[in-house]
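Below: one structure, written as structure tokens.
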2 protein chains.
Amino acid sequence: MAARGRRTQRRNQVLSREQIIDTAIELLDTGGEGALTVRALTERLATGSGAIYHHVGNRDELLDTVTETVVTAALATKPTRAPATPEDEIRVVALALFDAIAAHQWLATRLILQIIRNPVGPVTVGIFERIGRQVGALGVPRASWFDATSALVHYILGAVSQNAHIDGDTSGVDADTDREEFFGAAAAAWQELDPEAYPFMHAIIGQMSEHDDREQFLTGIAIVLDGLTHLR
Amino acid sequence: MAARGRRTQRRNQVLSREQIIDTAIELLDTGGEGALTVRALTERLATGSGAIYHHVGNRDELLDTVTETVVTAALATKPTRAPATPEDEIRVVALALFDAIAAHQWLATRLILQIIRNPVGPVTVGIFERIGRQVGALGVPRASWFDATSALVHYILGAVSQNAHIDGDTSGVDADTDREEFFGAAAAAWQELDPEAYPFMHAIIGQMSEHDDREQFLTGIAIVLDGLTHLR
DNA sequence: ACCTGAACACCGTTCAAGT
DNA sequence: ACCTGAACACCGTTCAAGT
């Protein structure tokens with residue numbers, strides 16, 4: 001937002017960091033990580049590669065910035081109804097991440113990568129702080145705050161990543177391989193498994209084809225929250 | 001193992017799939033994903049690129065195969081003492097994955113990527129089946145098996161991924177940036193945060209620098225297991 | 001300060017040719 | 001069947017040169 005004021009100050013700046021970030025997101029959403037090339041950026045933005053490097057320094061840095069932008073935006077959107085309980089607020093944050101990854105399939109891997117590489121970065125810290133506050137309000141004793149928050153965050157990120165479905169590189173085929181088809185194929189593949197070697201898989205095929213990702217995600221959160229109450 | 005018999009049959013096969021996989025793991029462990037190039041492989045194995053493509057078809061396929069190999073091996077190692085309870089067995093599986101990722105930092109992202117892209121692959125199915133059986137033994141009602149197992153697996157994979165620490169590309173600096181230094185830096189970074197904006201982060205700095213990853217991981221599992229009992 | 005675009009080093013992958 | 005290695009198309013990144 002500070003940059004917006006600057007733009008007019010600096011008269012006619014042709015290319016801006018925000019523009020690069022925005023087109024990068026477009027490219028990523030359309031064709032996955034493989035589609036974000038410096039050349040594709042220069043083409044869309046009608047510039048030279050040097051111009052891009054002048055603004056973002058690095059492809060990897062750009063990817064991190066983009067991830068940060070998307071996650072921050074997701075966490076910032078206010079829910080329609082103000083959350084009434086700490087549990088509600090945790091669900092709001094969790095679902096925001098869930099939806100962000102559903103909207104941007106490339107985000108799952110990038111988010112994890114960023115958290116691994118930069119555990120003190122704004123993304124990690126932002127999520128932790130947001131969830132952590134509720135853990136206190138939940139009645140978890142102070143000595144267990146870190147453990148409790150870690151458990152929640154780890155679950156959320158794990159679940160959310162697994163739910164990214166569909167190829168990260170959407171280059172190959174139709175992007176309309178939609179969820180029904182997807183789960184149908186999965187159920188069919190499970191059916192193929194040797195029932196002697198995989199009795200459990202066979203036992204849950206029915207639940208698999210009926211289940212709803214979002215609901216299952218919320219059930220998982222409920223399970224973890226429930227476990228947290230015993231830390232009291 | 002079937003291939004070993006074939007090796008003698010086919011007389012003097014110079015290059016084998018296993019060899020390629022093994023050197024790939026070496027390269028990955030040493031220098032991260034960036035170090036696994038076809039050229040590096042041809043050099044170490046003293047062949048041409050065509051030879052490698054004759055055996056593995058694809059860099060990406062190789063990466064998947066390697067991931068599968070490492071995960072399968074990790075899941076196959078028998079614990080010193082046979083697990084007595086379903087909870088024990090779950091911990092055994094979870095810690096096996098934990099240790100595998102600690103030993104191969106590149107594994108975290110690759111594992112997630114594989115699970116996203118191929119949710120019916122042997123890796124995903126293997127982990128699910130292994131954990132799922134215990135969930136039944138735990139007394140979770142059949143109708144909740146899928147939800148319960150998902151919660152556990154998602155937590156495990158989330159937690160385990162976050163604990164990969166240190167750069168995926170170990171190219172840049174010394175790989176000996178060891179954990180003490182790492183957590184020291186993290187704690188210091190948290191200290192820098194604005195206490196007004198990040199009260200929770202400040203509240204847990206102490207726990208952060210004292211905590212043990214492995215123990216925290218087990219605590220998390222205990223929390224989820226505890227939550228599962230309420231599904232009865 | 002901001003941008004251009006040629007040049008460089010390095011990729012994954014293919015393929016005609018060899019054994 | 002298995003391997004060689006040159007060739008191709010495509011990367012990210014740099015940098016002298018322009019405005």
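To find a chain, count down the sequence lines: A is the first, B the second, and so on, and within it residues start at 1.
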Identify the stems formed by DNA chain C, where each pair is Watson-Crick or G-U wobble with both distances under 3.5 angstrom and a stem is at least 3 consecutive pairs. C:4-8 with D:12-16, C:12-16 with D:4-8

Would you please classify the geometry between the B:Trp190 ring and the A:Phe128 ring as parallel, tilted or perpendicular, with 30° and 60° separating the classes? tilted

Nearest atoms (heavy-atom pairs only) where B:Ala94 meets B:Val160: O-CG2, 4.3 Å

What is the distance, rounded to the nearest whole Å, between atom CD1 of B:Ile20 and atom P of D:dC2? 12 Å

Can you measure A:His54 atom NE2 to C:dC2 atom P for me and round it to whole angstrom units? 5 Å

Please give, in whole Å, the distance from D:dT4 P to B:Leu41 CG? 13 Å

Please work out if A:Ala40 contacts a base, only the sugar-phosphate, or nothing of the nucleic acid, heavy-atom cut-off 4.0 Å. nothing

Take atom CG of B:Leu45 and atom C1' of D:dC2, then tell me their distance rounded to the nearest Å. 15 Å

Is B:His104 reaching over with its side chain to a backbone N or O of B:Val70, donor-acceptor style, under 3.5 angstrom? no

It should be established whether A:His55 places a side-chain nitrogen or oxygen under 4.0 Å from OP1 or OP2 of nucleotide C:dA1. no

Once the angle between the rings of A:His154 and B:Tyr155 is folded into 0 to 90°, is it parallel (under 30°), tilted (30 to 60°) or perpendicular (over 60°)? tilted

Under a 4.0 Å threshold between the charged nitrogen and the carboxylate oxygen, would A:Arg117 count as salt-bridged to A:Asp60? yes

Could you tell me which non-hydrogen atom of A:Ile112 sits nearest to which non-hydrogen atom of A:Ser161, and how far apart they are? CD1-OG, 3.5 Å

Mark up nucleotides 9-19 of chain C, 5' to 3', with B wherever a protein heavy atom is under 4.0 angstrom from a base atom, S wherever such an atom reaches only the sugar-phosphate, and - elsewhere. --BBBBB----

Does the pair B:Arg133/B:Glu89 count as a salt bridge with the N-to-O cut at 4.0 Å? no

Taking all heavy atoms of A:Ala186 and all of A:Met208, pick out the closest pair and write down the distance. CB-CE, 3.1 Å

